[in-house]
Amino acid sequence: MKGFAMFCGHCGQKNADDAQFCGACGSPLHQSAEVQGNSAKPTDRATTPMPAPVLPPRPESAASTSSTPGAGTTPTTTIPAPASASPAVPTPDTPNTAAVHRSKAVIAAIVATALVVVAGITAGLTYHAELWGGKTLPDIAAETPKTSKQSGNAKAAVTADSVVVKLKASGITAIKKPEFSGAAKGAFLGYGNAKAGQRVSTTTQITVRESAGPGVPANIEHAKASTALTTLKTMGVPVHTKQIAVGSSSKLAGGTVVATYPLAGQAVTDTTTGIYIGIAEKTDGKTPAVPYDAVGTDINSVKDALAKAGVKVTVKPHFSSKKNVGKLVTSSPAPGTVLSSGENVTLYYGVGADKVQDATVGQSNLPYFYASELNDAVTGTYCKSTVNDATKDCITLAQDGNGSVYRVTAKDTGISSEGHTDHLLAMCFPFADGNAGDIGTCSYGGSQMPAGEGGMAKRLIAKKWGAFDFGELGGSPSCGTATSFYFDEGCNASKQVVQDSRDMSGATFDMHDFYVFFASGANLDAIEKSGYFDDSALATAKKGSKPDMSRPFILARDASQYDITSVPYSKAPVPSGQTLVQDPFVPGVGEFSASVKFKPAPTDANAYYLVESGQPDWQSLPDCDANGKVSKAAAQEQGFWRQVKGKYIFSVGAGAWSTIMTVNADGSFSADYHDSDLGVTGDGYPNGSRAIASGTGKFTYTKRNNDGSFSITCDTKAFHQDGTIGDVTIKNGVRIETVDGIYGLTPCGTFTVYPTGYATSALSDDVKSWMYGTVGNPLPSTLAGPLIVNDRGTFAFVYDQN
């Protein structure tokens, strides 16, 4: 019956109305009753043809018939499909291969997709579990410079060491890199070559930034000062900006960093003092100054320019590198200082090995050379080629107000010898028997002293090899805690005694710090062949690099390399040709036992080379802004203090008591008072008694008075007396008591400064009466140096010309 389409009940394909099998899948098609010619009557309701049940393909052949239980017999005839039908209709005994293949393909695609999904999920899970693809850097909270600045030098919660341990435990390679910061030393500052939370390869070495504490970065010199200050102010210590004068045609740009303290690349050792930064300011070509960049230029050209500007110039030798021989190496006031007309300045020119005699000993007016104290020819900072810790890798030699040279330590005031007595340096070490005198023990050579004679004859200074040695606390034996003796003193059971027999049974010679100075061009080969150095030390040195002999350097004795560092007085050797005992730890050429020979021998690694940076006198420089500018008033005040700085004496001249005050170029001062009484003795202090008082403070400039004098005020908040009042100690047989008040200085209130050249006739009688003991009577018509008078008591502090 036409008009009725046949739809396959298996796959839904539309077929011709007379088709018996589906042209798509081959399944049998079943027509409705009307189409098949059945006589069934229609019902009252509409009926919808229902698709016949899906029958599976029969396995029998096309010619056979089959019966299904419960059903009539239906013949099945194979009808060829039209040529256009696709796929071909299968025979009853052949499976539907197209359907099977399609089903397998679908299943395979589903399985493949599932496998991809599973693999993706697995890869994602293992990646996030960091089983492959690198590791994630942990985001570790660190102590930042900003936090440290606010909290001070607080202990950091996270250390770089702990971060390195954590990273290595997770499979990440890490290395520490120290850098200066305001955070506590050892604190973790962050990562250097990656960011927290970043995924990194396990083969990448991660830099862990570790705080080295406050310091001056190595690349800060010649940077713009304003930029440098931004960095330095994160260090958590005071930062002082000072103007440094450079030449009017200087290549150094104004407003840039030309010097720092500590030196660039070094850590801060005194967090109270902090950091000084020198900022360049070009001179106008008219104002007298020692330009900072004049260092390394011809000494005579600098001298002539200053002399024309009315400055009083003194020229002295100073050890230098070979390249700076005959050139300006430093000055006092230091390079970078603007001067005033009439001011005094000392210029130092470089010398080498051929001038050791002139620089250290000079041309003595005696018929022999006399080598005792060191002088300013050796002052400066000496550092190893590689500086990891400035406190260990650098040595600074300075000269105090008494003219003595000492090694600067963190505890030294650098002003008065009272603050660094144990670190005073000398070339000569007298025989233990003081009756020999310094002349006999410290002399050598000369017109009336044959070669080889004199206490210094076998020391390096006498050999003219361009080197000499010096040390601390040498010469005298020790008795308990005492390190010096009077002529009538002995030592018994480690206690000093006064007796004619001079019993020294309890005395010892102890090894103290000792050094060798090599001028540029020194004859190192001759010194090594002389037997001065220990043989094993020489053999070790041969394995390293030789020191740079074109630069002056210091070699420090290493006591840890010696088996014996203390010798009983009775067993100390007596030098050949002498009958007096000498300190066995003072080496000589071909002298004494093998144990005293110097260790180590010089190498580039253990040499402390002179730093020729023309280090400024920071206290004498004026404060400035970030551009290097200072106010006119500040410049005038700074010039005033430069002319007032120096050593002052308050005394009646008898010598029993005196107060020594040293004023610095920034108005700060130190003072030491002592009053000795040899007649007040007792058990344990046979050599008398002594009252002492010392302290530090700061003067502030007030005004210039109508009579030409100046008024200054003692800052009561800055004034501090050292020690504990009433404390008593016994040293070298003398009872020493700390008393209240520094005589002449306290109460520390207002003072008047009378400048050099002031008429003494204009001074009050009270002031002049205090001057007689120091200056003499009659007084000169004008002051030879500044005079500082305490307004309360008219105590007069006289400038020390020496």
Side-chain angles (χ1 to χ4, degrees), residues 123-220 223 227-228 230-237 239 260 262-271 274-275 383-394 410 544 560 605-606:
L125 291 174
T126 56
Y127 178 82
H128 287 293
E130 300 192 345
L131 298 179
W132 65 279
K135 303 286 184 178
T136 301
L137 286 179
D139 188 1
I140 301 174
E143 179 82 359
T144 65
K146 182 178 180 180
T147 303
S148 289
K149 185 177 180 181
Q150 295 171 347
S151 60
N153 199 22
K155 185 177 180 180
V158 180
T159 65
D161 284 335
S162 67
V163 174
V164 170
V165 171
K166 184 172 183 178
L167 294 180
K168 289 184 177 179
S170 64
I172 300 176
T173 304
I175 186 172
K176 293 191 301 181
K177 181 180 181 181
E179 63 181 74
F180 296 126
S181 79
K185 192 172 184 179
F188 171 61
L189 300 177
Y191 302 114
N193 56 345
K195 295 181 179 180
Q198 179 180 337
R199 191 86 170 209
V200 298
S201 170
T202 55
T203 60
T204 301
Q205 189 176 67
I206 299 301
T207 300
V208 173
R209 296 165 53 219
E210 179 184 35
S211 174
V216 180
N219 61 347
I220 206 166
T227 303
T230 300
T231 299
L232 294 177
K233 287 181 179 179
T234 66
M235 297 297 167
V237 297
V239 179
T260 63
L263 297 173
Q266 294 185 5
V268 171
T269 56
D270 183 353
T271 55
I275 298 171
C383 294
K384 291 184 177 180
S385 296
T386 301
V387 178
N388 296 315
D389 183 347
T391 61
K392 298 178 181 178
D393 298 331
C394 293
S560 68
N606 60 27

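It should be emphasised that the depicted structure is a prediction, and the values quoted were computed from it without experimental measurement. Counting from 1, the numbers follow the sequence of the chain as shown.
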Discussion item. Can you confirm whether L232 sits close enough to I220 that some side-chain heavy atom of one is under 4.5 Å from a side-chain heavy atom of the other?
Written reply: yes

Item to complete: Would you indicate whether the side-chain heavy atoms of V216 and F180 approach each other to under 4.5 Å?
Response: no

Discussion item. To the nearest 0.5 Å, what is the distance between CD1 on I206 and OG1 on T173?
Written reply: 8.5 Å

Response to the item:
Shortest non-hydrogen pair, A264 vs P217, comes out as CB-O, 3.8 Å

Worksheet, complete the sentence: Hits for side chain to side chain contact (heavy atoms under 4.5 Å, CB included) against K166, two or more places apart or cross-chain, chain-then-number order -> P138, I140

Fill in: Closest heavy-atom pair and its distance - T207, K177
CG2-CB, 3.5 Å

Worksheet item: Under the side chain to side chain contact (heavy atoms under 4.5 Å, CB included) test, which residues partner T203, sequence neighbours left out?
Response: S201

Worksheet, complete the sentence: Nearest heavy-atom approach of I275 to G215 is CD1-O, 3.9 Å

Worksheet item: Under 3.5 Å, is there a donor-acceptor pair between the side chain of N193 and the main chain of Q205?
Response: yes

Worksheet item: Between OG1 of T391 and CD of Q266, what distance do you get to the nearest 0.5 Å?
Response: 10.0 Å

Fill in: Heavy-atom pair of closest approach, residues R199 and T136
CD-OG1, 3.7 Å

Worksheet item: Do V387 and C394 come within less than 4.5 Å of each other through their side chains, counting heavy atoms only?
Response: yes

Practice prompt. Could you tell me which residues satisfy side chain to side chain contact (heavy atoms under 4.5 Å, CB included) with N388, sequence neighbours excluded, listed by chain and number?
Written response: T386, D393

Fill in: Which atom of V164 lies closest to which atom of K176, heavy atoms considered
CG2-CG, 3.6 Å

Discussion item. Measuring only between side-chain heavy atoms, which start at C-beta, is D161 closer than 4.5 Å to V208?
Written reply: no

Worksheet item: S211 side chain to A184 main-chain N or O, any donor-acceptor pair under 3.5 Å?
Response: yes

Worksheet item: Roughly how far, to the nearest 0.5 Å, is CD of E179 from CD of E210?
Response: 10.0 Å

Worksheet item: Hey, what do you get for OG1 (T269) to CG (D389), rounding to the nearest 0.5 Å?
Response: 9.5 Å

Worksheet item: Are the side chains of M235 and V268 in touch, meaning some heavy atoms are under 4.5 Å apart?
Response: no

Worksheet entry | Flag side-chain contact, heavy atom, 4.5 Å: V163 against Y191 | yes

